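First the structure, in the form of structure tokens, and then the observations on it.
What you are looking at is a predicted structure, and each value in this text was computed from that prediction instead of being measured. As the structure lists them, so they are numbered: ligands from 1, and atoms in each ligand from 1.
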Amino acid sequence: MPLRLHESLSRTQRELRPAQPDGVFRFYNCGPTVYAPSHIGNFRSFVINDVIRRLLDLEFPGKVKHVRNLTDVDDKTIKRAQDEQRPLADVTKQWTDKFHADCDALNCLRPHVEPTATGHIKEQIDMIDVLMKKGNAYRAADGSVYFKVSSFDNYGKLSRVKERELQVGTALSHKSQAVDADEKEDATDFALWKAHKADDGSNSWDSPWGAGRPGWHIECSAMSKKHLGETIDLHTGGIDLLFPHHENEIAQSQCCNGTLFAHHWYHSEHLLVDGKKMSKSLGNLYTLDDLTAKGFSPMALRYALLAAHPRKQLNFMLESLHAAESALEKLRRIVRGYLKHGATSENGFANYWLEYRESHPAIAGQWGIAGEAWDAITLDDLNIPLALGFLFKTLDSRDLGAPGHYKFESEVANLSQLMFALGLRLFGDKPVAISASAAITALADKRWAAKQAKDFAGADALRKELAAAGWNMLDRKDGYSLEPVKK
Ligand code: AMP
Ligand code: ZN
């Protein structure tokens, strides 16, 4: 079954497919900036991306490599650390841990790799170095390095910024680029390396251009290259990242590597409050904790965030959480009705589709009762509201008091699989058991080889990478096994 999604560059719906012969689907999602709790607007984007990840897992089992970065150095993270007189790493660890806890509560799967900007300074410097050598970048008088936008003919294709004739000054205002325009040759140029300023305190790294830190955009180019290679299958983020962040990523990566950067770009729309984007800077935000303090469940938030089309703006209202709680309760009631016929227990419901698929391989992949919902999601650009409408319509027409009429087991499996795809956990807190993907196994193999070659530092680094991706590697004399990190 194909998986079709809107593609931002061509502005058409396109099928998602791995482009490389190894069949691995390479997926990069821009992650959070870790200096404060992520708000529910951020989580709209991460929950939508989590559904994409789950659909990819279903479509290309064991062949998906999902990378999501952590921006742990920029103006905001440094300012927070300086204001609180704490080491930067302490501050970003605190908010990374909180981000993970919120993601777990919202039932978002961990990416396979979650690289940090500070953990990839060398990779960023290496890319900037190539851009300098190729003439795509220059060093300004203060020691900052800028990308020369005029050196890349295709600049602006994704956002059509030239066609829209956006004012350069406003178009280039973005999250971490408080640059001094006087230092740049052209106002459209953007920072690859930012020279150390007094305000940065001890937060700087050595580079061939002097002490400083990477600009924000280069981190995603460098980390996706390191963990996914030069060309990726899908690159996603919230709509605000389309310009300039993703435009700049394309410019840096394509000029450096000389190859296509991403086959497919996807952007989800914003969560609004009173018609304005929910954002830390406007202060009009809710966090997950704000909502649980009001008595709402994280699953209700997840449901409410998914109940609108991902590419349409969603005006957030507390009432939508009441509606989401009722919808979830209705689903629970219906599923309990099914479970009376004995297919599985409430605790077994989340994993039932996996069990059923193993015992009925011939009908694996058939969506039965959830067919229309599945088509709306996969063939109609993630049309989750339409899917939920179909689902309730079909379920309302079922008479569960009449056994023998329906294939209860297969219908329970259909519902369980649809809930997995949407990440809606109806009962208990048991996450769905997943086995390590091909990418994780490849990483584990690499670590095993490094250990055999007595490269202990390399092996250690790989163990950390596996742990960040959610896997513990247990060594034996003759080999290893993998188990999910216990949360
Ligand atoms: P940040 O932590 O600011 O780097 O943002 C993390 C993600 O949240 C990015 O993909 C943003 O595009 C997305 N985002 C930020 N604000 C909103 C919002 N109000 N609604 C939806 N997504 C958002
Ligand atoms: Zn990014």
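- Take the Zn ion (ligand 2) as the corner point: the lines to SG of C30 and to OE2 of E249 open at 90°, to the nearest 10 degrees.
- Taking the six-membered ring for Trp and the full ring otherwise, H66 and F25 have centroids separated by 6.0 Å or more.
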Donor-acceptor pairs are to be reported for all side-chain atoms of residues 260-267 against protein atoms at under 3.5 Å, with residues two or more places apart or in another chain.
unit_1: H264; atom_1: NE2; unit_2: L5; atom_2: O; d: 3.3
unit_1: H264; atom_1: NE2; unit_2: H6; atom_2: O; d: 3.0
unit_1: H267; atom_1: ND1; unit_2: S8; atom_2: OG; d: 2.7
unit_1: H267; atom_1: NE2; unit_2: H246; atom_2: ND1; d: 2.7

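- Using modelled atom types and a 3.5 Å distance limit, the side chains of Q254 and N154 yield no donor-acceptor pair.
- Residue contacts with ligand 1: H267 is excluded, as none of its non-hydrogen atoms falls under 4.0 Å.
- Only the backbone of E269 comes within 4.0 Å of ligand 1, counting heavy atoms alone; no side-chain atom from C-beta on gets that close.
- Considering both main-chain and side-chain atoms, N42 comes within under 3.5 Å of ligand 1 through a nitrogen or oxygen pair.
- Nearest residue to atom 23 (C) of ligand 1 from G41, C30, A36 is G41 (criterion: closest heavy atom).
- Residues P18 and V24 form no side-chain contact, since every pair of their non-hydrogen atoms from C-beta on lies 4.5 Å or further apart.
- Taking 2.8 Å as the criterion, H245 counts as a coordinating residue of the Zn ion (ligand 2), since one of its N, O or S atoms falls below it.
- For ligand 1, the atoms sitting less than 4.0 Å from at least one non-hydrogen atom of M278 are 16 (N), 18 (C), 19 (N), numbered in the order shown with element in parentheses.
- Short contacts between ligand 1 and G238, defined as distances under 4.0 Å to a heavy atom of the residue, involve ligand atoms 10 (O), 12 (O).
- Every N/O-N/O distance between F46 and ligand 1 stays at or above 3.5 Å.
- Close approach to D240 involves these atoms of ligand 1, each under 4.0 Å from a residue heavy atom: 11 (C), 12 (O).
- Polar contact check, G237 against ligand 1: no nitrogen or oxygen pair lies under 3.5 Å apart.
- With 3.5 Å as the limit, one finds a donor-acceptor pair spanning the side chains of D142 and S144.
- The aromatic rings of F296 and H322 lie perpendicular to each other, with more than 60° between the two planes, well past the 30° mark.
- With respect to E269 and R311, no salt bridge is recorded, no charged nitrogen being found less than 4.0 Å from a carboxylate O.
- Considering backbone and side-chain atoms alike, T33 places an N or O below 3.5 Å from some N or O of ligand 1.
- Remark: R44 fails to qualify as a cation-pi partner of F316 under the 6.0 Å distance and 45° angle criteria applied to the six-membered ring.
- Distances from the Zn ion (ligand 2) show that H217 has no N/O/S atom below 2.8 Å.
- If you check the side chains of D289 and T287, you find no donor sitting under 3.5 Å from an acceptor.
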